[in-house]
Amino acid sequence: MTQLSAAQTPQAKPSDGSKALYGGKSTRRITVRDIALAKERGEKWPMLTAYDAMTASVFDEAGIPVMLVGDSAGNCHLGYETTVPVTLDEMTMLSAAVVRGTSRALIVGDLPFGSYQEGPVQALRSATRLVKEAGVGAVKLEGGERSHRQIELLVESGIPVMAHIGLTPQSVNAMGYRVQGRGEEAAAQLMRDAKAVQDAGAFAVVLELVPAELAAEVTRVLHIPTVGIGAGAETDAQVLVWTDMLGLTAGRVPKFVKQYANLREVMGNAAKAFADDVVGGTFPQEEHSVH
Ligand SMILES: Nc1nc(=O)c2c([nH]1)NC[C@@H]1CN(c3ccc(C(=O)N[C@@H](CCC(=O)O)C(=O)O)cc3)CN21
Ligand SMILES: CC(C)C(=O)C(=O)O
Ligand SMILES: [Mg+2]
């Protein structure tokens, strides 16, 4: 695999803005090679989840370079309680829609619980469906040392893999939703997980809900980019669940979320205005009618 210099410094700036993942000139589909080059330049980049073609097209036009069809679709899009029940059929359908709705972003498809835990061969069979049937450019799976054999076989087979360590929500029944990597032993385990996925050939790694100082340390040590969610400001990239970020998620959202809009209020108010118009007879007007 490509060996990249870890010459990244805090001061490093994109040497050529036209090549930037976000704000750059290129309109072709972004590849994992572009992601590797961004780490060399010290460029930070954003990732958002997407679960449908329409939303994905909005983010693609906004220049978001990487989109994750997250299994958070389970609770954010399909009405399940957690990500655990999500099936590979569901992820294939949602991933295909996101690919169809985009032309520039690298689309990463999340492998759902139960689609890779049996071993490398099952992981390859599952990932192959996301690549062939949905057209994703990469897949993501959870686990560090415990998933390194799966990552190795996928990468050997030509499927780029984004790893995911720290809080791994598919293990909610075993670990809950708790900060990971607190304390010396847990921090050492997280560092071993990070090195294991890099050695297995992952092109990037999500660090979920880990102390900012530890995430910064992992980011300095690795030559592949780190993608933080609740992992502080020093990771190479940041990801948020789109319904959290836009204020559409019902109920409580994790503490690490910054809300950039309140779509729940906007959409609720629009639905009420429509309902009031219908009940009050003020919609449709003449201009909305045909004769
Ligand atoms: N809407 C949504 N947003 C997400 O970020 C998200 C999902 N769903 N589903 C899949 C996983 C699950 N994630 C979660 C779920 C819960 C917490 C949570 O309850 N965090 C607590 C802190 C826990 C602690 O301090 O130990 C919080 O208050 O943020 C965090 C991440 C992240 N992912
Ligand atoms: C939170 C991100 C990293 C994820 O795995 C998802 O959205 O499913
Ligand atoms: Mg996920």
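Note that ligands are numbered from 1 as they come in the structure, with each ligand's atoms numbered from 1 the same way.
Less than 4.0 angstrom separates some heavy atom of S72 from each of these atoms of ligand 2: 6 (C), 7 (O), 8 (O). Within ligand 2, counting atoms from 1 as listed, the ones closer than 4.0 Å to a heavy atom of G70 are 6 (C), 7 (O), 8 (O). Shown in contact with D110 at under 4.0 Å from a heavy atom are these atoms of ligand 2, numbered in order with element: 4 (C), 5 (O), 6 (C), 8 (O).
Residue contact annotation: D71 places an N/O/S atom under 2.8 Å from the Mg ion (ligand 3).
Distance from atom 1 (N) of ligand 1 to its nearest protein heavy atom, with residue and atom name: D244 OD1, 2.9 Å. Protein heavy atom nearest atom 29 (O) of ligand 1, with residue, atom name and distance: K255 N, 2.7 Å. For atom 2 (C) of ligand 2, the closest non-hydrogen atom on the protein side is L68 CD2, 3.6 Å. At the top of the distance list for atom 10 (C) of ligand 1, counting protein heavy atoms only, stands T83 CG2, 3.7 Å. Ranking protein heavy atoms by distance to atom 21 (C) of ligand 1, first place goes to R252 NH2, 4.3 Å. Looking only at heavy atoms of the protein, atom 33 (N) of ligand 1 is closest to E208 OE2, 3.8 Å. What sits closest to atom 18 (C) of ligand 1 on the protein, heavy atoms only, is Y177 CB, 3.9 Å.
Assignment of K140 to the shell around ligand 2 is supported, since a heavy atom sits closer than 4.0 Å. Between V179 and ligand 1 there is a heavy-atom distance shorter than 4.0 Å.
The proximity of V227 to ligand 2, defined as any non-hydrogen pair under 4.0 Å, does not occur for either the backbone or the side chain.
Atom CE of M54 is surrounded by 12 or fewer heavy atoms from other residues, nucleotides or ligands within 6.0 Å.
The pair E217-R220 meets the salt-bridge criterion, since a charged nitrogen lies less than 4.0 angstrom from a carboxylate oxygen. Salt bridge absent: D60 and R104 never bring a charged side-chain N and a carboxylate O closer than 4.0 Å.
For the residue pair T31/D34, the side-chain donor-acceptor check at 3.5 Å is satisfied.
Checked by distance only, ligand 1 and N75 come closer than 3.5 Å through their nitrogen or oxygen atoms.
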